[in-house]
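Residue numbers begin at 1 in each chain, while the letters A, B, ... track the order of the sequences. Quick caveat: nothing in here was measured; it's all calculated off a predicted structure.
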Amino acid sequence: MGIKGLTKLIADEAPEAIKEHKVEHYNGRTVAVDASMAIYQFLIAIRHGSGGAAASQLTNEAGEVTSHIQGLFNRTIRMLASGIKPVFVFDGKPPTLKGGELDKRREKREKAESELKKAQEEANVEEQDRQSKRLVRAGKKESADCKKLLELMGVPWLEAPCEAEAQCAALAKIGKVYAVATEDTDTLTFATPRLLRNMTSAGDNPIKEIDYKKMLEGLGLTHAQFIDLCILMGCDYTSNIRGIGPKSALTLIKKYGDIEHVLENISKGKYQVPPEWLPRIKVRKPSSLPPSAPPSVSPVEEGDKAMPGDENACKTAEVDSKAGMEGEKEEGIKAAAIVAREVAPDEPAKSVEGEVMEMPAYVMARALFVQPEIHDPAELNFKWVEPNEAGLEAFLIDSLGFNPDRVKSGIAKLKASRGAMQQKRLDSFFKPSGSSSTSSTTLKRKEAPAAAKGKGKAKFGGKKK
DNA sequence: ACTCTGTGTCTAGACGTG
DNA sequence: TGACACAGAGT
DNA sequence: CACGTCC
């Protein structure tokens, strides 16, 4: 999803942060690409005739989908032909979300499934098409296909421990890549210095580049405030406050500095803060403590449980795994907003014996943005090597049934772009002006393991402590 | 009168030929 | 998923 | 440029 309405807000409030460049501007530069998102888009976009029978994807004779391979093959060649050196970053395990968000996601999915079934019974082709698109996902199989393809093409890739966007941002921050190409705006929330949009689609139409520093200046925010702004506006990790959109969020953050102080100052009558945004205490049942609220805290005033859609499913998975989930008692705490801020963002705080303070949802979201799980970008090095011609032909032609002429012409372009790449190095040796690697000066070249070959996947879930 | 939010809608890649 | 237009609530 | 095809 990204951050709701962020693009428009930037265009309105910090237009100087957006510049347009032609593709040539990126000649010789390294760009991290969110592979999972690209795969998803290929799967949705590359299909035949939405007219006649239900639209279907491209497949080989065995019926395996090849749309994503077709798309990635072409796009990668296109980038290389423009002199852009892509690194593809795949998603790892999905992040830990608040229960409420997971439920919403599941509900949407189930709804799409039932709508699809209904459309099939009614033979409503249009509706079938629409709903089946909503069910498309970039799964493990598709990712594996694409990794194999990239290796054969001699293009580096890497699998992030968790979210690709976070890993891309980390690479860009230390200059390992010049920019990140994605349509997903929460890449900015990870402080990507340069975000490229519109990298897709044909030749000469300009690429929009968003400059992170200029964006902060234009909005008049610090990085920490920008993160809070994004959470208020609505991000993937938590729900947001009804009635607060982009404009109000920006105004409030500028006025009060952070979410804690926004919550203290907004009228509780006007806005309904989601229950999971309030700090809550979980009390362990078996303990000898009285089941009521602890003495040192006072319950929050009105409107805690008055929420219409209040499932009590809004629990933090991390907390659940530790404390048993039976019979927890939830109480809002007035003063605890401040306490929660000082708590280590990764760990539930123990306030009193037998009690675990559950972090407010926005604090968890903040932690996911501030300290995402990533591979140390300094340890990663990328190489663009000669394509494996025989391997590509075997994979694409023999195994997937691609048109031999198209494959061969693709390979020819690959080789040509490699030649141009080498030539550019020589040029920049003599004329070091507009060259790419700003990084090589500051980074000691490590002899680290060449670009992650699918192994060494960091464990998720295991919270480092 | 104006501003903002929340709702719905539509759409989503790249190539080669004519 | 995102971008856009429009309606409706709120100021 | 629009349109059909890619598998």
Exercise. Assign A:G71 to base, sugar-phosphate, or nothing according to its heavy-atom contacts below 4.0 angstrom with the strands shown.
Key: nothing
Practice problem: Select from A:A45 and A:G245 the residue whose nearest nucleotide in DNA chain B is closer to the 5' end of that strand. | Solution: A:G245
Quiz item: A:I46 near the nucleic acid: base, sugar-phosphate alone, or nothing, with a heavy-atom cut-off under 4.0 Å?
Solution: base
Quiz item: In terms of side-chain heavy atoms of A:F42, which of B:dT5, C:dA3, B:dG13 is nearest?
Solution: B:dG13
Self-check item: Whole-Å gap separating C1' (B:dT5) and NZ (A:K270)
Solution: 14 Å
Quiz item: So, is the end of the A:K147 side chain (NZ or CZ) under 6.0 Å from the ring centre of A:F90 and within 45° of the ring's axis?
Solution: yes
Quiz item: Between atom CG in A:D129 and atom C1' in B:dA12, what is the gap in whole Å?
Solution: 11 Å
Exercise. Would you indicate which nucleotide in C:dG2, D:dC7, C:dT1 comes nearest to any side-chain atom of A:T185?
Key: C:dG2
Quiz prompt | Passing option when A:D258 is tested against A:L252, A:L263, A:D228, A:I253 for side-chain contact (heavy atoms from CB on, under 4.5 Å) | solution = A:D228
Quiz item: Relative to each other, are the rings of A:F369 and A:Y237 parallel, tilted or perpendicular (30° and 60° limits)?
Solution: tilted
Exercise. Return the nearest nucleotide to the side chain of A:T7; candidates are C:dA3, B:dG6, B:dG16.
Key: C:dA3
Exercise. Mind calculating the distance between CG (A:L43) and C1' (C:dT1) to the nearest angstrom?
Key: 15 Å
Practice problem: Using a heavy-atom cut-off of under 4.0 Å over every strand shown, decide if A:I244 touches base, sugar-phosphate, or nothing. | Solution: sugar-phosphate
Quiz item: Among the nucleotides B:dC10, B:dG13, B:dA12, which one has an atom lying closest to any side-chain atom of A:K133?
Solution: B:dA12
Quiz prompt | Euclidean distance, atom NZ of residue A:K247 to atom C1' of B:dC2 [Å, nearest integer] | solution = 13 Å
Quiz item: 5'-most contact on DNA chain B: A:S409 or A:Q70, nearest heavy atom basis?
Solution: A:Q70
Quiz prompt | Separation of atom CD in A:E163 from atom P in C:dT1, rounded to whole Å | solution = 13 Å
Quiz item: Relative to the ring of A:W277, is the ring of A:Y362 parallel (under 30°), tilted (30 to 60°) or perpendicular (over 60°)?
Solution: tilted
Quiz item: Does A:R194 make a cation-pi contact with A:Y178 (under 6.0 Å, within 45 degrees of the axis)?
Solution: yes
Self-check item: Spacing of A:L6 atom CG relative to B:dT5 atom P, expressed in whole Å
Solution: 13 Å
Exercise. Could you tell me if the ring centre of A:Y212 sits under 6.0 Å from that of A:H223?
Key: yes
Practice problem: Using the C1' atom on both, measure D:dT5 against B:dT9 and round to a whole Å. | Solution: 29 Å
Quiz item: Nearest of B:dG13, C:dA3, B:dG16 to any side-chain atom of A:K413?
Solution: B:dG16
Exercise. Check the distance between B:dA12's P and A:E183's CD and give it to me in whole angstrom.
Key: 13 Å
Exercise. Measure the spacing between CZ of A:R29 and OG of A:S82 and express it to the nearest 0.5 Å.
Key: 14.0 Å
Exercise. For A:S248, report the nucleic acid contact type (base, sugar-phosphate, nothing); a contact means any heavy atom under 4.0 Å.
Key: sugar-phosphate
Practice problem: Could you work out the separation of B:dT11 and D:dC3 based on their P atoms and round it to a whole Å? | Solution: 15 Å
Quiz item: Any side-chain N or O of A:R197 less than 4.0 Å from the OP1 or OP2 oxygen of C:dA3?
Solution: yes
Quiz item: Hey, does A:G5 reach any base, or is it just sugar-phosphate, or nothing, if we go heavy atoms under 4.0 Å?
Solution: nothing
Exercise. Measure from the side-chain heavy atoms of A:L58 and tell me the nearest of C:dG2, D:dC7, B:dA14.
Key: D:dC7
Quiz prompt | Side chain of A:R75 (C-beta onward), nearest among B:dA14, C:dG2, D:dC7 | solution = B:dA14
Quiz item: Does A:H48 make a side-chain donor-acceptor contact with the base of D:dC7, cut-off 3.5 Å?
Solution: yes
Practice problem: Would you state whether a donor and an acceptor, one from the side chain of A:K8 and one from the base of C:dA3, lie under 3.5 Å apart? | Solution: no
Quiz item: What's the closest nucleotide to the A:R78 side chain, out of D:dC6, C:dG2, B:dA14?
Solution: B:dA14
Quiz item: Heavy atoms under 4.0 Å, any strand shown: does A:T59 hit a base, just sugar-phosphate, or nothing?
Solution: base
Quiz item: How many Å lie between CZ on A:R242 and P on C:dG10, as a whole number?
Solution: 10 Å
